[in-house]
Every structure is written in structure tokens, then in C-alpha cells.
Q: 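Below is one structure. I have some questions about it.
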Amino acid sequence: MDYSIRGCDIIVSERDLDLDETLDCGQAFRWKKIASDYDCTYEGRFLNDYLMVSQEKSGQFIFHNTTEEDLLGKWVDYFDLSTDYSEIKRRLSEDETLSKACGFAGGIRLLRQDKWECLISFIISQNNNIPRIKGIIDRLCERYEGRFPTADELSRETADSLAYLRSGFRAKYIEDASKRTASGNTALDTIAKLPIEEARSALREIKGVGPKVAECVLLFGMHRTEAFPIDVWIKRVMAEYYPNGFPAFAADIAGIAQQYLFHYIRCNS
DNA sequence: CGCCAGGACGCCC
DNA sequence: GGGCGTCATGGC
């Protein structure tokens, strides 16, 4: 990554990033594509920090109204800009299918999201589609001046008082996750550092958190790149290309590979 | 009307 | 331990 300051904006050069692929691939649900003069522009938030970011046709990125301090202190981390994704793709390309997937969706990066927001978001995601997931999260954040509520705030709600979300049977799961997290019964910061199997079981104590949601929280919210969420699409990939299991040489970055594969199979079948 | 959506749960055998 | 109906909601 390379960057330069231009007035109130910061221009970032990074080859292994595509905003459409990264912000609209189902790993984060709160980025909105807005009209602009650029190739594409998104606005969104990480915790309490707002960002508008554009991608130009040249491949450069404009972080609007951003200080150097915010770029280096927050957004470099969020977009995982200090990780060399060229090297990751080189490693994965030892496998033929992964090589194709990387070639197809090489601009995906694994965002370093907030654990808590990620937990609630993927509880909402179960048996749901992406537009409706976004709608539910929008309604939730609208109630808190556009920011994502804290666990303390949400723990004061009940499944009934959450009816305005129209999240269906997931409301009782949101209630349980909130009360557990607010009380300290579920300690997300601690879970993030546990050995993967212990982290899995700790997350699955929460009602509504099964294998898939737990893997998503580990991967997207805790940056555990060995986590490997399996949904209907990845099941197809596994059945067709990896009947004997995912290649062991890439086990430590299986979750990143999963993102490339997910995008690849969905757009090409 | 039916089917499906980045699933999990409860119950069955 | 695997198989299956059920759970809200909304778009098609």
C-alpha cells in the first residue's frame, strides 16, 4: 500500500483491493454504494467512525475527508491494508481451482470488523438473504442515530421490543446474544484469542449460533483466517472440487480462500 | 400459490 | 450421530 495526501482526502494505491468485491460480497452489511463521479463510491462505518471511500478506474482509492492519523490508525487495519494479498493469492494458486477463483475475484480482502457487530449480523443472516439482512441491520442502527448499538444498549431490549426489526424468529437469538455479552457471560475479546475449537464452543453457547454463524464470527469478526464457513455454495465447491477435504497446505488461510471460492462459484453457476 | 434465502433447533430413530 | 419439520419475513 502507498498513499499521498490531497487536500482533505488521502489517495491510496493498492492493487489487491476491489471495493465492489470487498464491501458487497456478504461479509459486511452496512456499506452503501452511493452515486458519484468515480468508478464507485461507498459510505459506511466501523464502530463510530464514518468513511466515504471511492475507487477510481485507475485502481486508486480516495479516502474522503480523512486524516493521515485516521487512515493509519483505523482504516489500514479495517481494510487489512498491511497484509500482502498478492502473496496470499500466490500461495493459494498452487491449487488449480483456487487459482481460478483468485483470478476471478482477486480484489476481495478480509475486513477486520467489530466482533460484536459481526456476531449480531451473522445471527441475523441465518436462513436469510443479503438484501433483507441489510434491511434489518438498517432498522436497528436507525434507532441509534445511525450507529450500531452496544451490547449494553441491546441487552435492555427483549425479543418483543425488537419486533420493529421484523427479524422474525431471530429476535430471541439477538436477545440472548446481547444479554450474554453485556453480562460478561460471553467475552468476545477473550474468545477471539482462544484455541479455535474452544472459541467455537464458546460462541455456540449463544442461542442461534450454530456451526456456520460461529465460523463467520471467527473469520469476519475475529480475523481467524483458519475458520471456514460452510454454506450451500461452499458445499457445492467441496463436493465438486474437494471430495477429500480442503487442501491442507492452505489450512491457515482457508477462510480467505473461502471468500474467493464463494464469490467464484456464485457468479459462475 | 409455491420456493428460496451465507441456518439453528428440537425431536425422532 | 444423521435426517427432517419448523421457525418469520419478504422477494420472486
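Letters go in sequence order (proteins before strands), and every chain restarts at 1.
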Q: Over how many whole Å does the gap from A/Lys235 atom NZ to B/dA5 atom P extend?
A: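 Result: 12 Å.
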Q: Are there more than 12 heavy atoms of other residues, nucleotides or ligands under 6.0 Å from atom CZ of A/Arg15?
A: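 Atom CZ in A/Arg15 is not crowded, with 12 or fewer foreign heavy atoms closer than 6.0 Å.
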Q: Which ILVMFWY residues are connected to A/Leu47, directly or by a chain of links, through side-chain heavy atoms under 4.5 Å apart?
A: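 Result for A/Leu47 is A/Met1, A/Tyr3, A/Ile5, A/Ile10, A/Val12, A/Leu17, A/Leu19, A/Leu23, A/Trp31, A/Tyr42, A/Phe46, A/Leu51, A/Val53, A/Phe61, A/Phe63, A/Leu71, A/Leu72, A/Trp75, A/Val76, A/Tyr78, A/Phe79, A/Leu81, A/Leu111.
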Q: Using a 4.0 Å heavy-atom cut-off, does A/Arg166 contact any base of the nucleic acid, only the sugar-phosphate backbone, or nothing at all?
A: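 It contacts sugar-phosphate atoms only.
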Q: Need one value for A/Pro211: base, sugar-phosphate or nothing, where a base atom within 4.0 Å counts as base even if backbone is also close, heavy atoms only.
A: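 Touches sugar-phosphate only.
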Q: How many whole angstroms separate atom NZ of A/Lys134 from atom C1' of B/dG6?
A: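 These atoms are roughly 13 Å apart.
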Q: Just checking, is any N or O donor in the side chain of A/Tyr50 or A/Asn65 under 3.5 Å from an acceptor N or O on the other one?
A: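 No, no side-chain donor-acceptor contact under 3.5 Å.
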Q: Provide the distance between the two P atoms, one in C/dA8 and one in B/dC11, to the nearest whole Å.
A: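 Comparing P positions in C/dA8 and B/dC11 gives a spacing of 15 Å.
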Q: For A/Lys207, is the NZ atom crowded, meaning more than 12 foreign heavy atoms sit under 6.0 Å from it?
A: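 Open.
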Q: CZ of A/Arg236 versus P of B/dC4: gap in Å, rounded?
A: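 Atom-to-atom, A/Arg236 to B/dC4, this comes out as 11 Å.
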Q: Pick base, sugar-phosphate or nothing for A/Gly208, based on heavy-atom distances below 4.0 Å to the nucleic acid.
A: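 Answer is sugar-phosphate: A/Gly208 comes under 4.0 Å of backbone atoms only.
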Q: Planes under 30° and centres closer than 5.5 Å, is that true for A/Tyr173 with the base of B/dA8?
A: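 According to the criterion (under 5.5 Å, under 30°), no, A/Tyr173 does not stack.
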Q: Output the distance between atom CD1 (A/Ile62) and atom SG (A/Cys8), rounded to the nearest 0.5 Å.
A: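 Going from the CD1 atom of A/Ile62 to the SG atom of A/Cys8 covers 13.0 Å.
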Q: Grab the CD-C1' distance between A/Glu21 and B/dG6 for me, whole Å please.
A: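 Whole-Å distance recorded here is 18 Å.
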Q: Please pick, from B/dG6, B/dG7, B/dA8, the nucleotide with the shortest atom-to-atom distance to any side-chain atom of A/Gln259.
A: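 So the nucleotide nearest the side chain must be B/dG6.
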Q: Are there more than 12 heavy atoms of other residues, nucleotides or ligands under 6.0 Å from atom CD of A/Glu69?
A: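 No, because the 6.0 Å sphere around CD of A/Glu69 holds 12 heavy atoms or fewer from other groups.
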Q: How far does the C1' atom of C/dG11 sit from the matching atom of B/dA8, given to the nearest Å?
A: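 My reading of the C1' atoms in C/dG11 and B/dA8 gives 23 Å.
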Q: Return yes if a side-chain donor-acceptor contact under 3.5 Å exists between A/Thr41 and A/Ser54, otherwise no.
A: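 Their side chains do contain a donor-acceptor pair, which is all the 3.5 Å distance test asks for.
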Q: Rounded to the nearest angstrom, tell me the gap between atom CG in A/Asn128 and atom P in B/dC3.
A: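 Taking atom P of B/dC3 as the reference, CG of A/Asn128 is at 19 Å.
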Q: Taking salt bridge (charged side-chain N to carboxylate O under 4.0 Å, His left out) as the criterion, tell me which of A/Lys33, A/Lys134, A/Arg30 meets it with A/Asp24.
A: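 The salt bridge (charged side-chain N to carboxylate O under 4.0 Å, His left out) with A/Asp24 is passed solely by A/Lys134 among A/Lys33, A/Lys134, A/Arg30.
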Q: Can a donor-acceptor pair be found between the side chains of A/Glu117 and A/Ser121 at a distance below 3.5 Å?
A: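 Judged by distance alone, the side chains do not pair up.
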Q: Using a 3.5 Å limit for the pairing distances, which stems of at least 3 consecutive Watson-Crick or G-U wobble pairs does DNA chain B take part in?
A: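 Ordered by first number, the stems with DNA chain B (at least 3 consecutive pairs each) read B:2-5 with C:9-12, B:7-13 with C:1-7.
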Q: Just how far, in rounded Å, is P of B/dG6 from CG of A/Asp231?
A: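 To the nearest whole Å, that distance equals 8 Å.
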Q: Can you tell me the distance, in whole Å, between the CG atom of A/Leu119 and the P atom of B/dA8?
A: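 Atom-to-atom, A/Leu119 to B/dA8, this comes out as 12 Å.
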Q: Taking the nucleotide of DNA chain B with the closest heavy atom to each, which residue, A/Phe220 or A/Lys207, is nearer the 5' end?
A: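 Result: A/Phe220.
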Q: Going 5' to 3' on DNA chain C, which nucleotide is the first and which the last to come under 4.0 Å of a heavy atom in chain A?
A: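 Nucleotide range in contact with chain A: C/dC7 to C/dG10.
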Q: Considering residues, nucleotides and ligands other than A/Asn268, do more than 12 of their heavy atoms fall under 6.0 Å from its CG?
A: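 Yes - once you tally the heavy atoms of other residues, nucleotides and ligands closer than 6.0 Å, there are more than 12.
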Q: Between atom NZ in A/Lys172 and atom C1' in B/dA8, what is the gap in whole Å?
A: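 In whole Å, B/dA8 C1' lies 10 Å from A/Lys172 NZ.
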Q: With P as the reference atom in both, quote the distance from B/dG6 to C/dG2 in angstrom, rounded to an integer.
A: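 The answer is 25 Å between these two P atoms.
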